Amino acid sequence: MAKVSVLLTLLVAFAGTALCQEFEVVAIKPSKSTRIGSYSDSDQGRFTGTNLSLKRLITTAYQLRDYQVQDPAWLDSVRFDITAKFPAALSKDPDKYDAALSAMMKKMLADRFKLAVHTDQKT
């Protein structure tokens with residue numbers, strides 16, 4: 001029984017570490033772009049985004065569709081340019097990479113924008 005308890009404690013600690021990943025460095029600036037569209041890209045070292053709305057950052061981080069987010073109208077109009085550096089140990093496995101990127105974006109939104117999320121199911 002004690003072995004199971006230790007194993008569960010280690011798994012919970014490891015899962016917490018994986019989910020609490022964060023970008024090494026993040027720079028967020030109000031966008032001065034006059035373009036209508038936005039652009040984002042991530043590779044095995046950086047995340048960059050130009051003219052991104054806060055709503056797009058939220059839908060990307062939480063892997064949602066636009067209609068799944070109930071938000072004030074200004075969430076689409078306030079735009080940002082973002083550059084972030086990934087931690088060196090980021091997995092190259094596509095599923096783990098996507099999960100880590102999502103976790104890092106969630107943490108960035110919570111830290112920098114003080115985003116608090118409430119989930120609810122509706123029909």
Side-chain angles (χ1 to χ4, degrees):
M1 187 99 158
K3 289 180 185 180
V4 172
S5 174
V6 170
L7 180 61
L8 286 175
T9 302
L10 289 174
L11 287 173
V12 169
F14 178 72
T17 302
L19 292 176
C20 292
Q21 288 183 357
E22 60 186 300
F23 293 112
E24 283 184 12
V25 178
V26 178
I28 302 173
K29 298 177 185 175
S31 182
K32 294 180 181 177
S33 177
T34 57
R35 297 183 334 177
I36 294 173
S38 61
Y39 170 79
S40 67
D41 186 36
S42 66
D43 61 20
Q44 291 294 331
R46 296 185 109 49
F47 172 83
T48 55
T50 304
N51 204 29
L52 297 173
S53 69
L54 197 49
K55 184 171 186 172
R56 178 158 177 209
L57 290 169
I58 293 167
T59 57
T60 300
Y62 288 89
Q63 300 170 349
L64 299 170
R65 304 258 187 231
D66 280 349
Y67 71 87
Q68 293 177 298
V69 179
Q70 289 185 339
D71 58 314
W74 61 264
L75 220 54
D76 273 327
S77 62
V78 177
R79 304 282 177 146
F80 298 93
D81 295 336
I82 298 176
T83 304
K85 183 179 180 204
F86 295 148
L90 193 62
S91 175
K92 293 186 186 334
D93 175 81
D95 291 333
K96 291 179 183 177
Y97 177 86
D98 289 345
L101 178 59
S102 176
M104 290 186 290
M105 289 187 72
K106 288 174 187 176
K107 179 145 179 50
M108 176 193 70
L109 288 166
D111 291 347
R112 298 295 181 94
F113 294 97
K114 306 302 180 213
L115 178 70
V117 176
H118 168 75
T119 59
D120 197 6
Q121 290 186 348
K122 294 185 176 185
T123 55

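Positions are given from 1, in the same order as the sequence printed here. Since the structure is predicted, the reported quantities are computational estimates derived from the model, not experimental observations.
A donor-acceptor distance shorter than 3.5 angstrom exists from the side chain of Glu24 to the backbone of Ala88, with no hydrogens or angles considered.
Hydrophobic clustering, with ILVMFWY side chains joined whenever heavy atoms are under 4.5 angstrom apart, keeps Tyr39 apart from Ile82.
Listed by chain and number, the residues in a ring pair (Phe, Tyr, Trp, His ring centres under 6.0 Å) with Phe47 amount to none (sequence neighbours excluded). With sequence neighbours excluded, no residue forms a side-chain hydrogen bond (donor to acceptor under 3.5 Å, both in side chains) with Thr50. Partners of Arg56 under the side-chain hydrogen bond (donor to acceptor under 3.5 Å, both in side chains) rule, at least two apart in sequence or in another chain, are Ser38, Ser40. Judged as a side-chain hydrogen bond (donor to acceptor under 3.5 Å, both in side chains), and not counting sequence neighbours, Ser102 has no contacts.
Between Leu57 and Thr60 there is no side-chain heavy-atom pair separated by less than 4.5 Å. Put simply, the side chain of Thr83 does not reach to within 4.5 Å of the side chain of Val25, judged on heavy atoms. Using a 4.5 Å heavy-atom threshold, the side chains of Tyr67 and Thr59 count as separate. Using a 4.5 Å heavy-atom threshold, the side chains of Leu75 and Ile58 count as touching. Contact check for Val117 versus Lys106: no side-chain heavy atoms found under the 4.5 Å cut-off.
What you find for Met105 and Ala61 is that their closest heavy atoms are CB-CB, 3.6 Å. Pairing each heavy atom of Val26 with each of Arg112, the nearest pair is O-NH2, 3.2 Å. Here the shortest heavy-atom pairing between Arg79 and Ile36 reads NH1-O, 4.1 Å.
Judged by distance alone, the side chains of Asn51 and Ser31 do bring a donor and an acceptor atom under 3.5 Å apart. Tyr62 and Thr119 are not linked by any side-chain donor-acceptor pair at a separation below 3.5 angstrom, with hydrogens and angles left out of the test.
Note that the NZ atom of Lys29 and the CG atom of Asp81 stand 8.5 Å from one another [nearest 0.5 Å]. Remark: Met104 CE to Asp111 CG distance equals 13.0 Å, nearest 0.5 Å.
Ring pair Phe113/Phe80 is perpendicular by interplanar angle, where above 60° counts as perpendicular and below 30° as parallel.
Pairs of residues two or more places apart, or lying in two chains, never qualify as salt bridge (charged side-chain N to carboxylate O under 4.0 Å, His left out) while including a residue from residues 95-105. Residue pairs meeting the salt bridge (charged side-chain N to carboxylate O under 4.0 Å, His left out) criterion with at least one member in residues 58-70: none, sequence neighbours excluded.
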